[in-house]
Amino acid sequence: PWTPRNLLVLVGCGLLALVAANILTVTGYTLLAPMAGWRGELETLRHNPFFLLSLQTVFHGLILGVIYLFLVVNHGLPFWESLKWHKATGRIVCGFFLAGITLAFVIQFAPPVLPDRDDFPLQKLFSSPQAGYAIAAFAIVIAPFMEELIFRGVFFAFFERLVGVRLAVVGTAALFAALHVPEYW
C-alpha cells in the first residue's frame, strides 16, 4: 500500500506525531511533577534521559499507531502479514547470535584505531545507573522494533516497488545512517 502519496501522508503524520509527542510529554511532566516530587525546570528536561526516553517512546507509539491505522483501518490489511516479515529459523538466529558476539569483540578492540573524543553526545545521558539501564532497555526493545518497522516495513517496501531490491537496500541504509548522524557526529 505504500504509494508516493501514502508515504508523504505518513511522513506528514510523522511530523505531526513529533509535535504531539513533545506536547504530550511536556504536559505529562507538568501534571505529574508536583505529585511525584520531581524538581527541575522544563528547560533542563532536554538533558534528562528519562524525559527524553519518555518523549521518544510516546513518539514511537504515535508512529506505530499511524502505521497500524493506515494498514488495518485504511487498507483492511492484516498488520503483521502486510509487513512481510518472516519468522527467523534456528539457523538464522544462531548466525545472528554469532555475528553479535563477533561484533562485540570487534567493538572491544576498535577504540585504539578510532579517533578519541571526550564529549560523545550520548555519554551525557548516562548520568546514573538507572539512566543507563533505561537507555539500554529502550535501545534493545523499542528502538530496533520501530526502526525496522519504519525502514524495512515501510521505506524498504516503497523503494523496492519503485526501484528494485538492490537500490531499496542502499536507499534505506542511507536513510537509516542519516537518521543516526546527529547522535554519532
Side-chain angles (χ1 to χ4, degrees), residues 2 7 9-33 36 38 40 42 44-73 77-88 92-93 95-97 99-101 103-104 107 120-159 169 171-185:
W2 301 112
L7 192 63
V9 168
L10 179 66
V11 169
C13 287
L15 294 174
L16 290 174
L18 186 60
V19 172
N22 277 281
I23 291 169
L24 289 170
T25 309
V26 168
T27 302
Y29 177 81
T30 304
L31 294 174
L32 292 174
W38 297 333
L42 285 176
T44 63
L45 291 179
R46 62 188 170 115
H47 302 292
N48 182 315
F50 298 103
F51 179 80
L52 295 174
L53 290 174
S54 298
L55 174 64
Q56 283 223 302
T57 302
V58 169
F59 173 67
H60 286 318
L62 291 172
I63 292 295
L64 178 61
V66 166
I67 293 171
Y68 182 86
L69 289 173
F70 179 77
L71 292 173
V72 175
V73 175
L77 298 170
F79 183 72
W80 294 109
E81 290 176 29
S82 63
L83 295 177
K84 298 188 179 178
W85 288 354
H86 302 287
K87 200 176 225 180
I92 290 174
V93 170
F96 283 138
F97 182 73
I101 290 172
L103 181 60
I107 290 170
F120 188 60
L122 292 178
Q123 190 172 359
K124 295 174 188 171
L125 295 178
F126 290 89
S127 56
S128 69
Q130 296 85 0
Y133 289 127
I135 292 167
F138 180 85
I140 292 169
V141 177
I142 296 172
F145 173 78
M146 287 306 298
E147 289 171 353
E148 287 299 314
L149 176 65
I150 293 166
F151 287 95
R152 301 291 179 246
V154 176
F155 290 143
F156 182 82
F158 173 74
F159 288 132
V169 169
T172 55
L175 286 173
F176 184 81
L179 173 74
H180 291 84
V181 165
E183 296 169 4
Y184 299 107
W185 189 257

> Taking only residues two or more places apart in sequence, or in another chain, which ones meet Gln56 in a side-chain hydrogen bond (donor to acceptor under 3.5 Å, both in side chains)?
Replying inline: none
> With side chains defined as the heavy atoms from C-beta onward, is the minimum distance between Val66 and Leu62 less than 4.5 Å?
Replying inline: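 No, every pair of side-chain atoms sits at 4.5 Å or beyond.
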Distance-only criterion, 3.5 Å: show the donor-acceptor pairs between side-chain atoms of residues 11-30 and protein atoms not counting sequence neighbours.
unit_1 : atom_1 : unit_2 : atom_2 : d
Asn22  : ND2    : Leu18  : O      : 2.8
Thr25  : OG1    : Ala21  : O      : 2.6
Thr27  : OG1    : Ile23  : O      : 2.7
Tyr29  : OH     : Gly40  : O      : 3.1
Thr30  : OG1    : Val26  : O      : 2.7

>> So, using side-chain contact (heavy atoms from CB on, under 4.5 Å) as the criterion, who are the partners of Ala136 when residues are at least two apart?
In response: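 Ala136: no side-chain contact (heavy atoms from CB on, under 4.5 Å) contacts found.
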Mind listing the side-chain donor-acceptor pairs of residues 172-179 below 3.5 Å, one per line with the distance, residues two or more places apart or on another chain?
unit_1 : atom_1 : unit_2 : atom_2 : d
Thr172 : OG1    : Arg152 : NH1    : 2.8
Thr172 : OG1    : Ala168 : O      : 2.8
Thr172 : OG1    : Val169 : O      : 3.2

Distance-only donor-acceptor hits, side chain of residues 137-151, under 3.5 Å, sequence neighbours excluded:
unit_1 : atom_1 : unit_2 : atom_2 : d
Glu147 : OE2    : His180 : NE2    : 3.1

> Taking only residues two or more places apart in sequence or in another chain, which ones pass ring pair (Phe, Tyr, Trp, His ring centres under 6.0 Å) with Tyr68?
Replying inline: Phe79
> Out of curiosity, Leu103 CG to Ile107 CD1, how far, rounded to the nearest 0.5 Å?
Replying inline: 4.0 Å
